**Student:** 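Quick one: the structure is below, questions incoming.
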Amino acid sequence: MRRLSLLMRGTPWMMRFALAGGCALLTTLVGVSTAGAASQPVSITADRQTTDLAGATKFIGNVKVSFRDLRLKGSLGQVDLDAQGQPSIATFVNRPQGSRVVPGGGQDHLEADVIKIFLNENKVQAQGDSYTVVTSIAAAPVSIRADQQEFDTVSRVVRANGNVQVNYQDTVINSPHATMNTEGGKAKKVIFSGGVRARQSDGVITSEKLTVMTDSNNLLAEHNVKTDVKSQPGAGGGASRVIIESDFQQYDKASDTMLASGNVRITYGDYRAKGPKATFRMKGGQVDKVFLTGRASIIGDGRQVEADKIVITTTPRHFDATGHVQSRFMAKESPAVTPPAAPASSAKPGAKKPIAGKPGASSPAPQPKGPSDDYLE
């Protein structure tokens with residue numbers, strides 16, 4: 001018994017058995033030491049436990065895991081040891097589900113094909129169609145779906161990779177990669193990269209990189225940015241969308257304005273405008289006015305105009321140019337006259353005209369021979 005006590009004292013595993021409803025439950029506590037942090041225990045409860053010669057332990061049936069503020073449940077799990085014989089990675093398969101109790105009420109939800117806990121790194125990784133619903137980081141719940149998600153339980157940084165889709169209120173954002181930084185338990189910003197598409201009810205933004213400030217709902221789109229957004233409806237109808245292409249675009253929710261810079265190109269109905277910078281005044285999420293500055297040009301209404309400043313108004317639809325204005329009027333082209341079509345022949349393609357005088361031929365009375373009849377010989 002003394003020898004057994006000494007062996008137990010030297011191992012990082014502490015085990016206890018309990019009976020519940022006639023079923024043997026095994027609870028394992030894993031003490032994990034991390035650099036600069038106190039030991040963090042991992043509690044694992046299951047119907048059955050097996051340990052192989054290498055020290056890896058499997059947990060089978062009604063597996064329940066507690067690590068920091070994360071709670072997992074599933075059907076199958078395993079804890080592997082590192083080179084020093086210490087618990088290193090806890091892996092849970094068969095689509096386990098997890099939750100995190102949110103201070104003040106509510107829960108965050110996590111599920112994936114595989115969930116791994118890196119015990120020495122205070123990191124949780126969800127692999128294979130991972131899906132999370134986070135209620136604690138923003139004003140409204142944020143759902144994240146990706147091939148893989150990774151959570152740092154200390155820094156609260158979330159990284160998602162592969163087919164990332166984030167839903168927040170009326171916004172849906174798709175990209176290959178996303179990183180969410182938190183501060184004080186709340187998301188400070190979310191950075192999408194690798195080719196981004198953001199959709200809202202009134203418009204679509206595509207870019208190489210998109211940063212969303214969750215506290216203010218401001219957006220910063222960078223590199224090959226294209227925005228397709230509705231315009232304010234005019235009295236006479238007409239164009240209903242504005243397409244903005246540029247190197248950078250930034251939306252400020254407080255002032256309801258959008259700034260575009262770097263090779264700005266605008267398409268609005270039959271207007272085509274371009275310049276180094278443009279400011280878009282929004283109204284209800286739709287474009288109301290466009291201010292182009294820095295020597296801009298516009299083509300529309302039968303003329304091409306270059307000026308220091310051009311203002312496009314959507315209601316009523318028109319534009320004003322000021323500052324060293326240069327205009328060139330383009331004459332309208334006359335419509336092309338189409339020559340009358342030749343009368344269609346009733347003869348079928350490839351059919352030969354019957355020759356008069358041959359037996360069985362039914363033809364009109366012979367006509368005087370002329371130059372045009374040579375082909376009949």
Side-chain angles (χ1 to χ4, degrees), residues 100 102 106 108-110 126 130-152 155-230 241-262 264 277-287:
R100 171 179 171 264
V102 178
D108 294 339
H109 174 77
L110 165 66
S130 63
Y131 177 69
T132 59
V133 178
V134 187
T135 61
S136 58
I137 61 173
V142 179
S143 70
I144 307 170
R145 187 179 292 276
D147 294 339
Q148 176 181 300
Q149 296 186 51
E150 186 176 288
F151 313 86
D152 190 310
S155 66
R156 299 295 183 187
V157 174
V158 180
R159 294 179 177 87
N161 294 290
N163 299 307
V164 180
Q165 176 171 310
V166 175
N167 292 63
Y168 180 66
Q169 295 182 333
D170 64 342
T171 303
V172 180
I173 304 177
N174 298 87
S175 72
H177 311 287
T179 301
M180 181 184 298
N181 297 314
T182 62
E183 188 175 280
K186 296 291 184 181
K188 184 177 181 181
K189 61 182 177 180
V190 185
I191 302 172
F192 301 88
S193 60
V196 189
R197 177 182 174 86
R199 291 172 288 142
Q200 288 184 317
S201 57
D202 292 324
V204 177
I205 301 174
T206 59
S207 63
E208 291 299 317
K209 181 180 178 181
L210 178 68
T211 302
V212 181
M213 309 302 294
T214 55
D215 55 347
S216 61
N217 285 332
N218 293 345
L219 305 177
L220 174 61
E222 304 174 65
H223 311 303
N224 299 318
V225 187
K226 180 178 180 180
T227 299
D228 184 338
V229 64
K230 287 183 179 179
R241 306 200 70 82
V242 179
I243 299 175
I244 308 114
E245 299 174 89
S246 64
D247 295 335
F248 302 94
Q249 293 181 28
Q250 183 174 357
Y251 172 69
D252 183 78
K253 184 175 177 61
S255 60
D256 208 9
T257 58
M258 187 176 76
L259 306 176
S261 61
V264 180
K277 294 186 296 183
T279 301
F280 299 80
R281 190 176 70 187
M282 313 297 287
K283 193 174 183 180
Q286 301 177 1
V287 176

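The model shown is predicted, which means the values in this text are computed figures rather than measured ones.
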**Student:** Side-chain contact, heavy-atom cut-off 4.5 Å: D108 with T132?
**Tutor:**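 Of all side-chain heavy-atom pairs linking T132 with D108, none is under 4.5 Å.
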**Student:** Which heavy atom of G194 sits nearest to which heavy atom of P176, and what is that distance?
**Tutor:**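 Taking every non-hydrogen atom into account, O-CG, 3.2 Å.
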**Student:** If you take all heavy atoms of Y168 and P141, which pair is closest and at what distance?
**Tutor:**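 Heavy atoms only, the tightest pair is CD1-O, 3.8 Å.
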**Student:** Under the criterion side-chain contact (heavy atoms from CB on, under 4.5 Å), which of T257, V225, L220, N218 is the partner of Q250?
**Tutor:**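 Testing each of T257, V225, L220, N218 against Q250, the sole residue satisfying side-chain contact (heavy atoms from CB on, under 4.5 Å) is L220.
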**Student:** Roughly how far apart are K226 NZ and S207 OG, rounded to 0.5 Å?
**Tutor:**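 So the gap between those two atoms works out to 13.0 Å.
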**Student:** Return yes if some donor-acceptor pair links the side-chain N/O of S130 with the main-chain N/O of A146 below 3.5 Å, else return no.
**Tutor:**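 A pair under 3.5 Å: yes.
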**Student:** Are the side chains of T279 and R281 in touch, meaning some heavy atoms are under 4.5 Å apart?
**Tutor:**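 A side-chain contact under 4.5 Å is absent here.
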**Student:** Going by atom types alone, do N167 and Q165 pair a side-chain donor with an acceptor below 3.5 Å?
**Tutor:**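 On atom types as modelled, these side chains qualify, holding a pair under 3.5 Å.
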**Student:** Supply the atom-to-atom distance L259 CG to K277 NZ, rounded to the nearest 0.5 angstrom.
**Tutor:**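 These two atoms lie 9.5 Å from each other.
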**Student:** Report yes if the side chains of L110 and Y131 come closer than 4.5 Å at any heavy-atom pair, otherwise no.
**Tutor:**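 A side-chain contact is absent here, since even the closest heavy-atom pair is not under 4.5 Å.
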**Student:** Between atom CD of E222 and atom CG of L210, what is the distance when rounded to the nearest 0.5 Å?
**Tutor:**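 So the CD of E222 and the CG of L210 are separated by 9.0 Å.
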**Student:** Do M282 and V287 come within less than 4.5 Å of each other through their side chains, counting heavy atoms only?
**Tutor:**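 Contact flag for M282/V287 side chains = yes.
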**Student:** How long is the straight-line distance from CD of Q286 back to CZ of R241, given to the nearest 0.5 Å?
**Tutor:**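 Taking CZ in R241 and CD in Q286, the distance rounds to 8.5 Å.
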**Student:** Mind checking the NE2-NZ spacing from H177 to K209? Nearest 0.5 Å is all I need.
**Tutor:**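 Result: 12.5 Å between the selected atoms.
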**Student:** Is the shortest heavy-atom distance from the side chain of I244 to the side chain of M258 under 4.5 Å?
**Tutor:**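 Touching, per the 4.5 Å side-chain cut-off.
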**Student:** Please list, chain by chain and in numerical order, all residues satisfying ring-ring contact (aromatic ring centres under 6.0 Å, His included) with F248, sequence neighbours excluded.
**Tutor:**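 Result, ring-ring contact (aromatic ring centres under 6.0 Å, His included) vs F248: H223.
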**Student:** So do V212 and F192 actually touch side chain to side chain, heavy atoms under 4.5 Å?
**Tutor:**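 In contact.
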**Student:** Main chain of I144, side chain of Q149: is a donor-acceptor contact present, judged purely on distance under 3.5 Å?
**Tutor:**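 Yes, Q149 side chain to I144 backbone: donor-acceptor pair under 3.5 Å.
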**Student:** Calculate, to the nearest 0.5 Å, the distance between atoms CE and CG belonging to M213 and L219 respectively.
**Tutor:**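 Between M213 CE and L219 CG, I get 10.5 Å after rounding to 0.5 Å.
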